[in-house]
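Step one of this worksheet: look at the structure below.
As the structure lists them, so they are numbered: ligands from 1, and atoms in each ligand from 1. For the single chain, residues carry numbers from 1 onward in sequence order.
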Amino acid sequence: MIKKILLPALVLLTAAFTAKEPQPLYKNKNAPVESRVQDLLRRMTLQEKVLQLSQSYAGNNNNENNKDENIKAIPDGIGSLIYFGSDPVFRNKIQKKAVESSRLGIPIIFGYDVIHGYRTLYPVAIAQACSFNTDLAARAAAVAAKESKLSGIDWTFSPMIDVARDPRWGRVMEGYGEDPYTNARFAVASVQGYQGNRLSDPYSIAACLKHYVGYGLSEGGRDYHYADVSPQSLWETYMPPYLAGVKAGAATIMSGFNDISGIPASANHYTLTEVLKNRWGFKGFVVSDWGSVEQLMNQGVAASRAEAGQKALMAGVDMDMTDRVYQENLAQLVTDKKVPLSRVDDAVKSILRIKFQLGLFEHPYTTVLPESERYLQPEGKAVAGQLAEESMVLLKNLNQTLPVKNTIKQIALIGPMANNREDITGSWSAQGRSKDAETIMEGLQYEFGSNTHFNYAKGADFDGTDESGFKEAVAAAQASDVIILCLGEKRAWTGENTSRSVIELPAIQEKLAETLKATGKPLVLVLNNGRPLGLAKLEPLADAIVEMWQPGLAGGTPLAGILSGRINPNGKLAITFPFTTGQIPIYYDMRQSARPNSGLYQDIPTTPLYWFGYGLSYTTYQYSNIKLSAPGITKNQKLIAEVEVSNTGNMAGKETVLWYITDPAASISRPLKELKYFEKKQIEAGKKSIYHFEIDPMRDLSFPDAGGHLHLEAGEFYLYAGSQKIKFSLK
Ligand code: GLC
């Protein structure tokens, strides 16, 4: 009898106890993200929340600027790690501990600086901007995302979209130049490339718009320094790329080192919360820059680490990068009621939301493929070559020195960049390896083949005073019909913390050029650099100049293709080249002077050497017949503009039409002209193409006031495209 009752009861009881607790909602992949976020948040302790807001790092720290920091033990429950390794197995081991050994199993989000490629390195961003080919940039970002994801990276600290107009600032190489609209277009392209259609797609990674905001104004080009950002320029120049990136769905934003006219970007409630989160509705999360929370003490707005943490969190910084300020102070700040728990919860939710959207709870581990299948795939290398080709800019070509005539069989190849694998990749080269980079010499030998002989001589180093190599260089030049002189910057001369007081190249390089010029041979100058250079001395010595920038792994062949004439160069400058350092700042969309023909420099020209938008071609283009769909519009109408571009030369080419608008009389002074649209198309020799631009008054004719509110004023406007100009009215 007992057996009859007891046994089944026992079975039921056991079953009841061993039956798994119903799966918690946050682990249900079919539940709405917001419900999962709320369910997980309510289960978390304060300490678990604080750790979610903290980022440490793992792997060997190869970030030049922070490498002295010791790798600290990875705290259990940490929310994020910067992953300096590239081994998915090691990364999965760290993740396994977080997911399977912690109470709630919250996965770590692994971040890294994938700025212009991961292992397949692309041209540096300033070079990519000169391509004006955002589709190609998006494809490059997608390849970088795939290589990153397969290495254990879920999140890149890219794109850098800080408008920059002071080339003494080394980080000008990381962004897309001096123009807000160009930075905005490449911000959108990068976000689309990195994040794909959905963050949870297998090869999507979260993007990070940085460094929010105004970092490019660091005083005197001195990195990390005070930035005097007027409210008008904040809204007119520095905010537009971020608004575009947020609208494109960027998952995260990084707050900058700089202050914004006295209020540090990493403690600026106005930009981080009032604008970004409340006005723009940004639902991702904000991460500080490396130590920028703790650095609030250096900037004089916090007397202690605790106060720095309180100010950063209350301003809107959700995650603290590497300085452990949040980790060591937030819990106490909440206990002491100096920070409301609601703000901590708000930050935790923003981070959990991105982790859920990335699919990290369902797929916390990286698929492990052999290196040969992860990196340097044909598609990626092809994009690298194409982007390098389209980013190079022909700056000078006297008497058609270029292309090199095919009757020439002896070419002098000279300079510190001529046979250089190390510096051609540029700064922020992630897991890129110089051994994978193609040198200029290799590109030329491949392009010109065995019946052209290259007389190589390094000639001189990048800097120093050693002229002992000049003799060999002169001999090489004398034995040749043309000189290809490859000068430029070391990769360490641009990037973070690389400010230079002058943008001219070191005298030894200029002297080498002078010495070679004296041989009387045609001199083709090839430049590898990450910033605009002061070329006042070098320009007159050169018969032709190609701005190659730092092309990444695949620049040698495209350069050689341009020199041989197989490729028609089609890049245009996305940043002005000042005549000399003394001319800085100078940029295309300056405001009109009160006396346009006065107030000029007494000792140098007042115009730059090369303006934004400048670039030559081997063919010629004729712009004509600019026309509008109407002579004027009202504020809720659109205006269609078109211009005809004829390729009047004998070589096909790609031409980028830059559409500018001028508002000659408004309630505040407006820039001389503002780029509002660009489009690049291939035009066959002897053919023509019609380019169109649809003018939307609120988007293209308005201007922001100091509070960021757009004003649209009736009046006359001018539209420019190439040599064409046309007036129209807004009623
Ligand atoms: C650096 C840079 C930032 C980078 C971060 C992580 O100091 O300012 O651009 O993403 O630290 O390496």
Determine whether any heavy atom of Y112 lies closer than 4.0 Å to an atom of ligand 1.
no
With the threshold set at 4.0 Å, does a side-chain nitrogen-carboxylate oxygen contact exist between D589 and R165?
yes
Salt bridge or not for D76 and K97, using N-O below 4.0 Å?
yes
State the atoms of ligand 1, each with its element, that fall below the 4.0 Å cut-off from a heavy-atom position in K210.
3 (C), 4 (C), 9 (O), 10 (O)
Looking at W290, which atoms of ligand 1 are within less than 4.0 Å of one of its heavy atoms?
7 (O), 11 (O)
Does ligand 1 have a heavy atom under 4.0 Å from the side chain of [X], from its backbone, from both, or from neither?
| X | value |
| --- | --- |
| E496 | side chain |
| R171 | side chain |
| E174 | neither |

From atom 5 (C) of ligand 1, work out which of T322, N497, D289 has a heavy atom at the shortest distance.
D289
Taking the six-membered ring for Trp, are the ring centroids of F84 and Y57 within less than 6.0 Å of each other?
yes
Please determine if K146 forms a cation-pi arrangement with Y203, meaning its NZ or CZ atom is less than 6.0 Å from the six-membered ring centre and no more than 45° off the ring axis.
yes
Q52 side, atom CD; F285 side, atom CZ - distance, nearest 0.5 Å
10.0 Å
Decide whether an N or O pair under 3.5 Å exists between H211 and ligand 1.
yes
Are there more than 12 heavy atoms of other residues, nucleotides or ligands under 6.0 Å from atom CZ of R279?
yes
